[in-house]
Amino acid sequence: MMCRSVDLRQSATAKNDGLAAALRAELSERGVTAVNLMSSPGSGKTELLARVLRRALERDVPAAALTADLATENDAERLARSGAPVRQLLTGGLCHLEAAQVRGHLDGWLPPDTGLLFVENVGNLVCPAVYDLGEALRVVLMAVTEGEDKPVKYPTAFGTAQLVVLTKTDLAAPAAFDNAAFTDHVRRVNPGVEIVRTCARTGEGVDTLLDHVLAVHTGTVPHLPLMAATAPAEPR
């Protein structure tokens with residue numbers, strides 16, 4: 001029997017893809033660059049995002065964040081301490097975000113001068129990897145404590161990322177993290193993608209990450225993964 005899993009997935013995400021394309025066009029027209037941040041739970045992306053938001057404001061870059069969780073507003077409260085506009089999106093048990101959810105939370109909230117919109121996706125590397133949110137840049141993060149082979153265990157998430165961010169680098173030595181092996185695994189699923197090494201505790205890589213986002217904001221075309229799950233489409 002022929003496997004039709006790809007066809008079924010495409011059918012399930014077709015409506016989302018159309019909404020995402022329309023949202024991408026709308027945000028672009030408004031001068032907003034959306035960044036989709038994906039990771040497993042415990043990667044440290046909330047703390048890193050807080051540092052990036054704070055640094056953006058220090059550099060006079062208007063940035064905001066939409067953060068998603070199944071429950072609680074804890075992450076929104078943490079991110080709001082950066083001084084940036086932040087809004088919590090509760091998924092009600094859904095393990096990923098969809099473009100309609102993002103779109104529904106922007107009206108009446110996103111300040112008109114916003115240049116960068118960071119969307120902190122649900123902590124999960126499976127379902128979020130196949131849903132386009134209308135982002136201009138897709139970023140996948142993982143901590144050194146998660147194991148060097150994570151990219152090959154979750155090939156869709158890492159294979160469709162336009163930027164890979166390694167977090168908690170201050171723990172690399174205690175975790176016996178093999179950087180060469182990690183880099184090799186990333187290259188196997190996503191040749192040519194850049195890897196940014198960061199540490200929210202020390203500030204390592206915060207400006208580098210922000211510079212990558214700003215480059216896309218000012219017109220630099222991001223890396224195009226060979227395994228891109230969702231190619232940007234024309235608005236319907």
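The analysis underlying the following values was restricted to heavy atoms, covering all of them including side chains, and did not include hydrogens, waters or symmetry mates. In this chain, residues are counted from 1 in sequence order.
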Return the [atom1] to [atom2] distance between [X] and [Y], rounded to the nearest 0.5 Å.
X      : Y      : atom1 : atom2 : result
Asn121 : Leu141 : CG    : CG    : 11.0 Å
Asp69  : Leu89  : CG    : CG    : 9.5 Å
Glu204 : Thr167 : CD    : OG1   : 11.0 Å
Leu97  : Cys127 : CG    : SG    : 11.5 Å
Asp132 : Asn36  : CG    : CG    : 8.0 Å
Leu70  : Cys95  : CG    : SG    : 8.0 Å

Co-membership, hydrophobic cluster, residues [X] and [Y], 4.5 Å side-chain:
X      : Y      : answer
Leu37  : Leu210 : yes
Leu49  : Val61  : yes
Val165 : Tyr154 : no
Leu125 : Val189 : yes
Val216 : Val139 : yes

Using every non-hydrogen atom in the two residues, find where [X] and [Y] come nearest and quote the distance to one decimal.
X      : Y      : value
Ala181 : Glu148 : CB-CB, 4.2 Å
Pro85  : Pro111 : CG-CG, 3.7 Å
Leu57  : Ala84  : CD1-N, 3.5 Å
Asp107 : Arg87  : O-NH1, 4.2 Å
Pro191 : His223 : O-CE1, 3.2 Å
Trp109 : Ala64  : CH2-CB, 4.1 Å

If we ignore angles and hydrogens, is there a donor and acceptor under 3.5 Å between the side chains of Thr91 and Gln101? no
The single option from [options] passing side-chain contact (heavy atoms from CB on, under 4.5 Å) against [X]:
X      : options                        : answer
Pro151 : Met142, Arg188, Glu146         : Met142
Leu116 : Val35, Val32, Leu214           : Leu214
Phe158 : Asn190, Val193, Val164, Val152 : Val164

Under the salt bridge (charged side-chain N to carboxylate O under 4.0 Å, His left out) criterion, do Glu26 and Arg30 qualify, and how do the steps go? CA-CA 6 Å; Glu26 177 188 337; Arg30 294 170 60 177; 3.4 Å; yes
Any donor-acceptor N/O pair, Ser28 side chain to Arg24 backbone, under 3.5 Å: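 Here the side-chain-to-backbone pair does not exist.
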Please lay out, stage by stage, how Lys150 and Ser40 fare under the test side-chain contact (heavy atoms from CB on, under 4.5 Å). CA-CA 10 Å; Lys150 194 109 185 195; Ser40 297; 3.0 Å; yes
Decide yes or no for Phe182 and Ile195: does some side-chain heavy atom of the first lie under 4.5 Å from some side-chain heavy atom of the second?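 Side-chain contact under 4.5 Å: yes.
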Residue pairs fulfilling salt bridge (charged side-chain N to carboxylate O under 4.0 Å, His left out) with at least one residue in residues 168-183, sequence neighbours excluded: Asp170-Arg201
So for atom CZ, which belongs to Phe177, do other residues, nucleotides or ligands contribute more than 12 heavy atoms lying within a distance under 6.0 Å? yes
List for me each residue that meets side-chain contact (heavy atoms from CB on, under 4.5 Å) alongside Thr46, sequence neighbours excluded, and say none if there are none.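 With neighbours one apart ignored, the set is Asp75, Arg78, Leu79, Glu120.
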